[in-house]
Amino acid sequence: MSTATGTSVGTGEAGAQPPRGTARKPATMAQALNRALRDALAEDADVHIFGEDVGALGGVFRVTDGLAAEFGEKRVTDTPLAEAGILGTAVGMAMYGLRPVVEMQFDAFAYPGFEQLISHISRMRNRTRGALPMPITVRVPYGGGIGGVEHHSDSSEAYYMATPGLHVVTPATVADAYGLLRHSIASDDPVIFLEPKRLYWGKDDWSADRPEAVPEVGRALVRRPGTSATLITYGPSLPVCLEAAEAAARDEGWDLEVVDLRSLVPFDEETVVASVRRTGRAVVVHESTGFAGPGAELAARVSERCFHHLEAPVLRVSGFDIPYPPPMLERHHLPDVDRVLDAVSRLQWESEWRSDRGEVR
Amino acid sequence: MSTATGTSVGTGEAGAQPPRGTARKPATMAQALNRALRDALAEDADVHIFGEDVGALGGVFRVTDGLAAEFGEKRVTDTPLAEAGILGTAVGMAMYGLRPVVEMQFDAFAYPGFEQLISHISRMRNRTRGALPMPITVRVPYGGGIGGVEHHSDSSEAYYMATPGLHVVTPATVADAYGLLRHSIASDDPVIFLEPKRLYWGKDDWSADRPEAVPEVGRALVRRPGTSATLITYGPSLPVCLEAAEAAARDEGWDLEVVDLRSLVPFDEETVVASVRRTGRAVVVHESTGFAGPGAELAARVSERCFHHLEAPVLRVSGFDIPYPPPMLERHHLPDVDRVLDAVSRLQWESEWRSDRGEVR
Amino acid sequence: MTVLEQSGAYHLAPPPAWRPRRDAAPLLPDREPYRLLGTGAELDDDLLRELYGQLVRGRRFNEQATALTKQGRLAVYPSSTGQEAAEVAAALALREQDWLFPSYRDTLAAVARGLDPVAVLSLLRGDWHSGYDPRETRVAPLSTPLATQLPHAVGLAHAARLKGDDVVALAMVGDGGTSEGDFHEALNFAAVWQAPVVFLVQNNGFAISVPLAKQTAAPTLAHKAVGYGMPGRLVDGNDAAAMHHVLTDSVERARRGEGPSLIEAVTYRVEAHTNADDATRYRDAAEVTAWREHDPVNLMERELRTRKLLDDAGVREAAEAAEHMARGLRERMNQDPDLNPADLFDHVFAKRTTQLQQQADQLRAELAASEAEHVRQDGKTGEDA
Amino acid sequence: MTVLEQSGAYHLAPPPAWRPRRDAAPLLPDREPYRLLGTGAELDDDLLRELYGQLVRGRRFNEQATALTKQGRLAVYPSSTGQEAAEVAAALALREQDWLFPSYRDTLAAVARGLDPVAVLSLLRGDWHSGYDPRETRVAPLSTPLATQLPHAVGLAHAARLKGDDVVALAMVGDGGTSEGDFHEALNFAAVWQAPVVFLVQNNGFAISVPLAKQTAAPTLAHKAVGYGMPGRLVDGNDAAAMHHVLTDSVERARRGEGPSLIEAVTYRVEAHTNADDATRYRDAAEVTAWREHDPVNLMERELRTRKLLDDAGVREAAEAAEHMARGLRERMNQDPDLNPADLFDHVFAKRTTQLQQQADQLRAELAASEAEHVRQDGKTGEDA
Ligand SMILES: Cc1ncc(C[n+]2csc(CCOP(=O)(O)OP(=O)(O)O)c2C)c(N)n1
Ligand SMILES: Cc1ncc(C[n+]2csc(CCOP(=O)(O)OP(=O)(O)O)c2C)c(N)n1
Ligand SMILES: [Mg+2]
Ligand SMILES: [Mg+2]
């Protein structure tokens with residue numbers, strides 16, 4: 001598999017192999033998502049897609065392309081332009097047993113629906129002691145790097161992570177785009193499904209007709225094994241981290257492990273902690289703002305759980321603590337390979353690895 | 001000063017002394033807030049208060065009691081029932097040079113206004129390169145412990161902290177309630193002013209006519225100096241921490257330092273880091289949920305900045321990662337003295353303090 | 001504002017997309033609230049008797065719940081005293097398979113629908129956020145965030161229609177709630193989808209302390225319907241017969257696939273907003289007194305007496321039935337509910353996450369430790385005494 | 001739905017709080033879009049000429065901006081081609097001290113108001129989020145989140161009134177934007193406060209791909225006004241004279257303290273939603289062709305010619321003026337804007353926080369390092385070459 005940036009991405013030790021004899025050819029993440037929606041619609045009559053421009057247009061990113069034509073307007077429906085209305089009616093549809101899959105057109109346009117999301121979607125199951133589960137998938141194209149003008153490049157995962165009752169899922173590979181979206185739609189819990197906009201057109205070899213199985217939501221994957229330090233990342237920053245790892249191996253002799261979280265909630269503490277305990281060093285990488293951003297939880301948790309194994313403080317590489325910049329300045333904001341490598345270089349390499357450190361202290 | 005729980009709270013080394021000869025008598029936090037609003041209205045004709053029930057009723061917590069009668073309906077205005085409308089019109093009023101002070105009736109009822117808050121209030125100054133500052137104060141009664149039914153006890157500070165462009169302020173004492181609210185209203189930046197509901201009726205000795213000056217927004221205060229470990233907290237959890245510190249001193253011989261952040265944004269890294277470097281141990285305490293909650297940033301930052309000074313991992317004591325419980329179960333959720341002490345006891349006291357540790361490694 | 005033909009005029013086709021849309025006139029509400037009581041209209045005797053019984057029980061229920069709140073048995077109670085006609089009619093207008101979407105004030109509508117009152121009071125008692133199974137009862141949880149239940153009702157009604165089921169949703173909201181964006185979005189979705197929903201606004205004059213005049217400048221709240229392309233109906237909300245008639249009419253209209261309606265019930269909140277509120281701060285006692293003259297229970301009693309369907313014995317009988325209900329409620333509410341702290345972790349997700357499992361274990365350990373402590377202390381106290 | 005008096009009827013006073021509210025009839029819009037062109041109405045010659053010149057320049061501006069987008073000089077351009085009449089009339093209806101609240105599509109209204117086009121295009125060019133000083137120009141930043149600018153306009157107009165200033169706010173929104181909760185809340189606040197605001201909805205038939213019929217079931221969008229208690233006006237949005245007349249009328253009404261209005265301009269989005277959109281996916285070319293027959297520039301040209309206010313030379317002259325404007329725009333837009341990365345940190349708060357200062361320092365160091373790297377590499381390349 002190769003990602004948008006041309007770096008090779010393996011499914012890692014936990015990734016299932018594709019079925020034998022299946023033709024794999026280059027496919028974009030957008031195509032895989034489209035296929036996942038199509039297959040979900042075909043397999044389960046309770047799946048309904050609706051949102052702004054998801055019908056004839058196929059969505060502004062064409063992720064729902066052709067679905068209205070194939071399944072009709074009752075299954076794939078253009079709604080009035082109102083995000084709280086979309087999420088609110090999704091609640092009612094889920095109450096009646098349907099499985100709504102809705103699209104927020106861009107990350108920042110999910111904000112009008114936050115009350116429905118926080119006060120109802122995330123809490124209805126709990127409110128009713130399990131009587132009203134909310135099998136709703138909220139697809140949100142997120143992140144920057146596509147030259148979008150204001151409000152088109154937010155990374156809002158911190159809001160979702162801080163809301164108990166929501167799953168927060170984000171694919172970084174074509175196979176995961178398909179597999180995680182299918183898992184999410186099948187889930188009886190509400191899922192915020194974050195689609196990295198700048199990976200929409202990234203290609204991997206992939207079999208649309210027999211998509212390979214991917215591990216369930218809640219499992220992180222080691223995308224590149226390594227021994228020197230762990231890069232903890234997800235979504236749009238995975239290709240950046242993989243590229244950084246290659247550069248580090250080539251130029252500095254550091255062998256970096258790269259962990260792709262795949263879901264921020266549930267959070268796969270086991271995989272992450274095991275990796276950092278092994279390597280003794282960690283950098284959390286994402287493009288969202290840093291202060292109280294998604295990386296705060298990751299860094300705090302790793303710092304606590306791996307305390308006696310850490311050779312250096314857990315560092316965070318992220319966007320700055322600013323509103324997302326205009327297109328002409330966004331490259332300064334987005335963490336790139338250099339910024340990742342710079343953080344890695346600050347991991348106090350002068351002190352040596354002592355595997356027994358925990359015991360010694 | 002004594003707080004609701006009866007624990008003595010000093011303003012610490014940075015707190016200004018009250019002016020000589022001023023009568024100090026017991027006052028509640030609600031009274032101090034009311035006085036701050038009154039004095040702000042009296043001093044600056046551009047200050048306008050509006051929101052749901054802030055007029056004749058004086059707000060459901062009586063914080064605006066008497067203000068409409070004193071300043072008239074044009075200065076203190078009941079609005080239609082619509083939080084996005086309240087925040088959105090506040091933006092327009094601020095554009096015209098007014099200084100709106102608005103009330104969200106309860107924390108969870110601020111959610112309908114999140115788009116206005118995130119997409120406009122927090123960004124308008126940046127959007128216009130400083131031409132349109134947003135001197136808006138959004139008062140939000142927050143937190144639980146008052147037996148409120150669903151949606152009446154949320155702690156939503158994580159959302160605000162993750163939004164660049166907002167100040168996030170929260171008083172824990174009567175003097176700070178007055179002083180920080182005055183600072184906030186005078187600020188040219190938008191402030192989310194979080195009022196701990198369960199401290200509204202807590203009393204301190206305080207002089208309404210000559211309120212003592214308090215340090216500016218962005219300064220943390222050491223409320224109790226100590227040497228064994230630092231409790232980092234704010235708002236409703238300050239009294240809990242002070243009580244825990246007294247109990248620890250009495251029962252275990254631990255001398256705990258208690259830092260009251262006063263504002264989560266700006267974050268006073270200097271004061272917090274200095275304290276933890278001194279004590280070598282830290283526990284972050286708040287009642288909001290833990291996962292991706294406010295404490296995540298605090299713990300991550302302290303872990304990084306104090307790495308070589310830490311004798312134990314930074315621990316977090318918080319509410320559980322669940323929707324806020326119903327009144328009859330909330331006591332299980334809220335961090336209490338025992339839960340704080342339990343965390344303190346897990347700070348690996350068996351290892352000894354080595355002030356030279358940073359150098360040794 | 002039509003411009004007369006003048007010299008220099010030439011023919012200009014209208015804008016191509018322009019086709020005069022649906023006529024607005026039939027969507028406009030009556031000029032006065034619709035009423036049946038006192039008009040001598042032909043009405044079903046049994047229905048009137050049924051409404052009366054429900055009104056008397058409803059009033060008693062409100063009084064009992066308020067009393068229980070004063071005794072600390074409920075965390076809070078927003079009473080619907082004075083609004084019983086709308087509450088009861090909402091319940092009776094629905095068929096078995098229909099859904100009710102109540103707000104926090106509409107405990108009574110759920111109870112009148114036949115739900116266990118103790119289960120309905122769960123939210124306000126504070127033992128859990130909701131106490132009944134919405135799918136079994138076809139009553140959504142009482143909704144606290146204003147107007148947020150309205151899009152739920154639209155989604156559910158739309159889903160039922162997609163599945164070909166005969167289900168109507170009736171959603172209740174207050175006058176204050178009409179100002180929220182969710183009200184607007186819900187009505188718009190309903191009209192565009194022609195979903196089988198009825199929106200019932202109880203205009204009780206106040207949103208806590210804020211009177212209607214500060215809430216809206218609309219001619220009536222029912223006029224809001226026009227902007228969505230649905231009929232608006234204006235009804236005397238204290239006239240249970242009128243409420244029942246208009247609600248049934250709208251519900252059956254929706255059932256026939258003719259789309260949603262908006263009903264404004266003009267009524268009055270006789271008590272304070274909740275037990276925690278002090279209504280003297282914002283309204284005159286005189287206003288309340290005037291409304292007590294237009295009490296829904298009294299209006300129905302008078303109607304029945306006029307129609308010779310009720311005598312003193314009948315009144316006594318109804319009061320006794322209500323008293324019986326109240327006694328049962330009191331007794332059950334005076335028992336402490338069964339609480340299980342593990343519930344806190346079990347319904348956040350379908351399956352506990354690792355973190356939630358850890359936290360559940362932590363709480364269990366804490367509770368065990370504090371129980372042990374109590375036992376120890378009780379032992380001590382015993383010795384000391 | 002009135003019930004006739006029958007035997008058994010008795011007198012029942014109306015519900016006490018009930019007073020028939022404001023009459024709804026005057027709030028209802030005309031049945032057909034209001035028009036002036038082609039009607040032979042008496043109109044001001046200078047105004048017609050002014051409108052014509054602005055329309056021609058506006059059209060040319062749209063074409064030029066679209067061309068610049070194709071050349072990569074703008075990140076995106078949502079063209080108002082076909083909607084120039086509404087854009088231009090909005091600008092001209094305002095006085096100096098009034099405020100305009102445009103949406104992302106309303107670049108032209110700001111330009112017609114006299115703002116520097118390069119500054120107005122800042123958002124769409126991508127050098128910053130907004131390029132002019134709103135207080136100096138009395139034009140709010142182009143708003144992207146739909147309908148969110150409407151409550152801003154209400155707040156500003158209300159604030160001006162509180163201060164006793166003579167200021168009206170004109171807020172622009174699309175047909176799609178009327179479905180958002182913010183539209184509802186803004187109109188309601190405006191009506192309750194009787195704020196001097198005019199809401200102009202450009203109904204251009206589509207919200208990206210979604211046609212009006214899927215957006216609303218209302219008789220017209222102007223009918224939404226009734227539900228707020230303000231007048232709704234329906235206008236042919238391609239008739240610049242009618243637009244100017246109705247807008248001016250509403251603006252002056254607001255100025256006199258008579259409250260807000262809602263205007264629906266019936267028009268059409270001739271181009272795709274933006275350069276990134278493919279309109280063939282959701283509409284027929286025939287529809288577009290039909291609307292081109294109702295083009296706002298052509299309509300005005302025809303009117304002027306009919307009135308003998310324009311000849312071929314005049315048309316040529318207007319085209320040349322427009323071409324001159326376009327050339328200037330092209331030249332200036334072809335120069336790279338001055339960018340300063342430090343701007344990223346300077347306006348988040350009044351004062352940089354410690355953290356922002358650290359981050360600014362970090363970026364400065366990164367940029368210095370990469371510049372050094374470039375110099376090194378350029379040096380090398382120089383040697384290699
Ligand atoms: C979104 C939201 N904002 C604020 C509140 C707080 N609140 C609870 S009831 C109420 C007044 C509601 O008035 P109305 O809609 O007329 O209903 P009524 O209480 O009269 O039945 C308010 C402001 C809330 N519950 N939800
Ligand atoms: C809150 C919000 N949701 C979604 C979008 C994405 N979006 C941009 S323009 C548009 C369509 C707007 O249609 P309309 O209001 O009719 O204006 P027009 O583009 O026709 O001028 C959409 C959905 C947005 N900008 N803001
Ligand atoms: Mg009310
Ligand atoms: Mg449009």
Side-chain angles (χ1 to χ4, degrees), chain A residues 45-46 48 50 74-75 77-100 112-113 115-116 118-120 122-136 164-167 187-190 218 263 265-270 297 301, chain C residues 99 101 122-123 128-137 140-141 143-145 147-163 165 167 169 171 180-182 184-193 195 197 343-356 358:
Chain A
D46 285 336
H48 283 256
F50 53 104
K74 284 192 175 178
R75 301 286 303 284
T77 313
D78 282 329
T79 62
L81 214 167
E83 293 77 11
I86 293 170
L87 293 174
T89 51
V91 169
M93 292 170 81
M95 286 171 82
Y96 203 73
L98 299 187
R99 225 165 248 286
E115 183 186 30
Q116 285 291 344
I118 301 172
S119 296
H120 290 300
S122 76
R123 299 186 191 185
M124 191 64 89
R125 169 191 285 277
N126 186 65
R127 175 178 301 145
T128 59
R129 278 204 183 85
L132 287 186
M134 291 278 112
I136 298 173
L166 300 177
H167 283 181
S187 167
D188 281 342
D189 288 318
S263 67
V265 183
F267 171 61
D268 184 351
E269 203 162 306
E270 210 182 313
E297 179 60 41
R301 206 163 274 263
Chain C
W99 276 67
F101 285 78
S122 205
L123 169 74
W128 198 255
H129 310 295
S130 181
Y132 48 89
D133 183 333
R135 287 206 177 131
E136 230 167 62
T137 56
S143 179
T144 300
T148 56
Q149 69 277 20
L150 306 182
H152 304 175
V154 177
L156 184 129
H158 181 58
R161 211 149 150 264
L162 286 171
K163 290 210 171 201
D165 295 348
V167 171
E180 291 280 5
D182 275 16
H184 176 69
E185 300 189 11
L187 268 74
N188 190 43
F189 271 67
V192 170
W193 285 348
V197 199
D343 268 357
L344 293 174
F345 307 97
D346 277 339
H347 311 293
V348 183
F349 295 113
K351 222 178 76 191
R352 285 183 182 173
T353 59
T354 320
Q355 289 79 26
L356 284 171
Q358 289 162 359

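Proteins come first, then strands; the chains are lettered A, B, ... in the order of their sequence lines, and each starts at number 1.
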Among Y132(C), W99(C), W128(C), residue most engaged with chain A (heavy-atom pairs, under 4.5 Å): W128(C)
Is it the side chain or the backbone of H167(A) that comes within 4.5 Å of chain C heavy atoms, both, or neither? both
Count the heavy atoms belonging to other residues, nucleotides or ligands that lie under 6.0 Å from NZ of K163(C), then report whether that count exceeds 12. yes
Quick one: of T128(A), T79(A), L132(A), D46(A), who has the most non-hydrogen atom pairs under 4.5 Å with chain C? L132(A)
Under the rule for side-chain contact (heavy atoms from CB on, under 4.5 Å), what residues qualify as partners of S119(A), not counting sequence neighbours? E115(A), Y111(B), H151(B), P145(C)
Portion of A153(C) that has a non-hydrogen atom of chain A nearer than 4.5 angstrom: neither
Output the distance between atom CZ (F101(C)) and atom CD (Q149(C)), rounded to the nearest 0.5 Å. 9.0 Å
What residue, out of E269(A), R123(A), R75(A), has the most heavy-atom pairs lying under 4.5 Å from chain C? E269(A)
Quick check on M124(A) against chain C: is it the side chain, the backbone, both or neither that has a heavy atom closer than 4.5 Å? side chain
T89(A) side chain to H158(C) side chain, donor-acceptor N/O pair below 3.5 angstrom: no
Looking only at heavy atoms and a cut-off of under 4.5 Å, which of H120(A), H48(A), K74(A) has the most pairs with chain C? H120(A)
Heavy-atom closest contact (A131(A) atom, R135(C) atom, distance): O-NH1, 3.9 Å
With a 4.5 Å limit on heavy-atom distance, are the side chains of L162(C) and Y96(A) in contact? no
I86(A) portion near chain C, given a 4.5 angstrom heavy-atom threshold: both
Does anything in residues 80-92 of chain A form a salt bridge (Lys or Arg N to Asp or Glu O under 4.0 Å)? List the pairs, not counting sequence neighbours. none
Is there a donor-acceptor contact under 3.5 Å from the side chain of S122(A) to the main chain of G165(A)? no
Check this for me, if you would: do R125(A) and D346(C) make a salt bridge, where the nitrogen-to-carboxylate-oxygen distance has to be below 4.0 angstrom? no
Heavy-atom pair with the smallest gap, counting every atom of P100(A) and A90(A): CG-O, 3.5 Å
Heavy-atom distances under 4.5 Å only: say whether S187(A) touches chain C with side chain, backbone, both or neither. neither
Validation row: H347(C), H129(C) side chains within 4.5 angstrom (heavy atoms): no
Side chain, backbone, both or neither: which part of Q358(C) has an atom under 4.5 Å from a heavy atom of chain A? side chain
Chain A contact via A169(C) - side chain, backbone, both or neither, heavy atoms under 4.5 Å: neither
Using non-hydrogen atoms only, which part of S122(C) is less than 4.5 Å away from chain A: side chain, backbone, both, or neither? neither
Given heavy-atom pairs under 4.5 angstrom as the criterion, report whether the side chain, backbone, both or neither of T353(C) touches chain A. side chain
d(M134(A) CE, L166(A) CG) to nearest 0.5 Å is 12.0 Å
Applying a strict 4.5 Å limit to non-hydrogen atoms, the region of L123(C) in contact with chain A is neither
Leading residue by heavy atom contact count with chain C [cutoff under 4.5 Å; candidates R127(A), M93(A), M95(A), R129(A)]: R129(A)
Tell me which of these, D189(A), L87(A), V91(A), has more heavy-atom pairs under 4.5 Å with chain C than the rest. D189(A)
Contact class of A45(A) relative to chain C, heavy atoms under 4.5 angstrom: neither
Under 3.5 Å, is there a donor-acceptor pair between the H152(C) and Q116(A) side chains? yes
So for A350(C), is it side chain, backbone, both, or neither that comes closer than 4.5 Å to the heavy atoms of chain A? both
Could you look at V192(C) and say if it's the side chain, the backbone, both or neither that has a heavy atom under 4.5 Å from chain A? side chain
Checked V154(C), T148(C), L150(C), N188(C) vs chain A; the most non-hydrogen pairs under 4.5 Å come from T148(C)
Tell me, side chain or backbone of D268(A) under 4.5 Å from chain C's heavy atoms, or both, or neither? neither
Heavy-atom distance under 4.5 Å to chain A: side chain of E136(C), backbone, both or neither? neither
